[in-house]
Undergrad: 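One structure coming up, written as structure tokens, with questions to follow.
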Amino acid sequence: MLANKTIVLGITGSLAAYKAANIASKLTQAGARVEVVMTESATKFITPLTLGSITSRLVVTNLFELTPEFNVPHIALAEAADVVVIAPATASVIAKLAAGISDDMLTCTVLATKAPIIIAPAMSANMFQNPITQDNLAKLNARGFIIVGSAYGRLASGKIGLGRLAEIEKIIGTINQVLGRSSDLAGKRIVVTAGGTQEPIDPVRHIGNRSSGKMGYAMAEAARDRGAEVKLITAPTSLPEPAGVNITHIETATQMKKAVAEATAQADTLIMAAAVADYQPKSIAKAKIKKKTPTLTLELVRTPDILTEVKGDFIRVGFAAESEDVVANARQKLEKKKLDLIVANDITDKDSGFGVDTNKVTIISRDGKVESLPLLTKREVADKILDRVVELLAKR
Ligand code: PMT
């Protein structure tokens, strides 16, 4: 999504300006052309040389300086931009933008562009929560600016509060989402499940599995970046929450079933990448079970089969983690659960399946088509699955 896109990265005078170097680096590594515009105050916190070295582009700081490439830089950048991102954005620049003031290179570029504009505020908690700043942000929001954050946490003053620059993953996720708005899943509503459900035994223990949530999160991010409206239903994971995705946290299979039923009431596609427990304890002990006996017997009962039981007219995609007869076993599940596609996971390969960043899958469709893919990143696998979903949606 970022490859070959032109991103104007505005940096303003906040201590968080140093984090913009990381943003510029990640965007550049993803193949974007990053045009950095710094306010004069930003240059007190981080040098144009740093940003120029990261992006291999000339950093623009002065409205009145011609560059070898652009004779009117703010107009040229405003027109070239696929998206303008201001990170960090100070209270001062937010106020100027809300008032339409254009007295430096950055504010002129923003006023001149027709590209979407993302603002990631960073300032002290008092400045952020000041009604003037909040009014300015609301005004910008109402005019179509996309506001990311701020986050709660340790601020430059050493105090803890709201006003921190949003996490970099969240800012980059929002850029991806904005760039993907007119892509091949634009307007489609996709529900994704992720992670391993946890079935409680007592107040401290549960039955779980080794799913990290990586496959499901990659699915959700890929669908978001292709323009879909994504609902992610996730069991507990240690992954950062993807930006621009509606997230529901659940723990058990029964909770996941309820969340899936609600989310799919208006969905085009359900993709179940979660590893859902097949059994749950028949009863949950109210107090912690003491280790009084040498053995302990738990009585387990079946959990609901979400894919089989969920009602509605939408495309159904299941996953199957298999260690033998991968394709045959997955095909049986496709038939039994009446799926449109099943993604058979070969979990015998150490680089495939649970916990790792890569996956080796075979995509099997109801019409018998079998597509075996090489070892790919989970994000690449997600895009291959979505290619098939796009085909299925086009036939409906
Ligand atoms: O999370 P990661 O660490 O990235 O790992 C990814 C993964 C290996 C968990 C994922 O790629 C995967 O294969 N998920 C499916 C795991 C599995 O084997 O599911 P299953 O064969 O038990 O179920 C088949 C399908 O039915 C799955 O889509 C599952 O979500 C669904 N199911 C299962 C049980 C149940 N009670 N209800 C369901 O809907």
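First listed ligand is number 1; within each ligand, the first listed atom is number 1. Counting begins at 1 with the first residue of the sequence.
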Undergrad: Given that the side chain starts at C-beta and the backbone is N, CA, C, O, which of these parts of Pro304 lies under 4.0 Å from ligand 1, counting heavy atoms, or is it both or neither?
TA: backbone

Undergrad: What about Gly355: any of its N or O atoms under 3.5 Å from an N or O on ligand 1?
TA: yes

Undergrad: Examine the proximity of ligand 1 to Asn345 and report which part, side chain or backbone, both or neither, has a heavy atom under 4.0 Å away.
TA: side chain

Undergrad: Do you see a donor-acceptor pair shorter than 3.5 Å between the side chains of Thr234 and Tyr217?
TA: yes

Undergrad: Indicate whether any N or O donor in one side chain lies under 3.5 Å from an N or O acceptor in the other, for Thr133 and Asn136.
TA: no

Undergrad: If you group Ile, Leu, Val, Met, Phe, Trp and Tyr by side-chain heavy-atom gaps below 4.5 Å, do Ile118 and Ile168 land in one group?
TA: yes

Undergrad: Going by the atom numbers of ligand 1, which of them fall below 4.0 Å from some non-hydrogen atom of Thr303?
TA: 36 (N)

Undergrad: Run the numbers on Asp367 and Ser365 for side-chain hydrogen bond (donor to acceptor under 3.5 Å, both in side chains), then give the verdict.
TA: CA-CA 5 Å; Asp367 64 10; Ser365 47; 2.7 Å; yes

Undergrad: Using a 4.0 Å cutoff against the non-hydrogen atoms of Lys378, which atoms of ligand 1 qualify?
TA: 2 (P), 3 (O), 4 (O), 5 (O)

Undergrad: Below the 3.5 angstrom mark, is there an N/O of Ala321, backbone or side chain, next to an N/O of ligand 1?
TA: yes

Undergrad: Go through ligand 1 atom by atom and flag the ones less than 4.0 Å from a non-hydrogen atom of Asp278.
TA: 34 (C)

Undergrad: If we only count N/O pairs under 3.5 Å, is Val276 in contact with ligand 1?
TA: no

Undergrad: Mind checking whether Glu322 has an N or O less than 3.5 Å away from an N or O of ligand 1?
TA: no

Undergrad: Measuring from the heavy atoms of Gly196, does anything fall under 4.0 Å of ligand 1?
TA: no

Undergrad: Between Ile306 and ligand 1, is there a nitrogen or oxygen pair with a distance under 3.5 Å?
TA: yes

Undergrad: So, 4.0 Å and heavy atoms of Lys257: is ligand 1 close enough to count as a contact?
TA: no

Undergrad: In ligand 1, which numbered atoms sit nearer than 4.0 Å to a non-hydrogen atom of Ser211?
TA: 1 (O), 2 (P), 3 (O), 9 (C)

Undergrad: Counting only nitrogen or oxygen atoms and a 3.5 angstrom limit, does Met215 reach ligand 1?
TA: yes

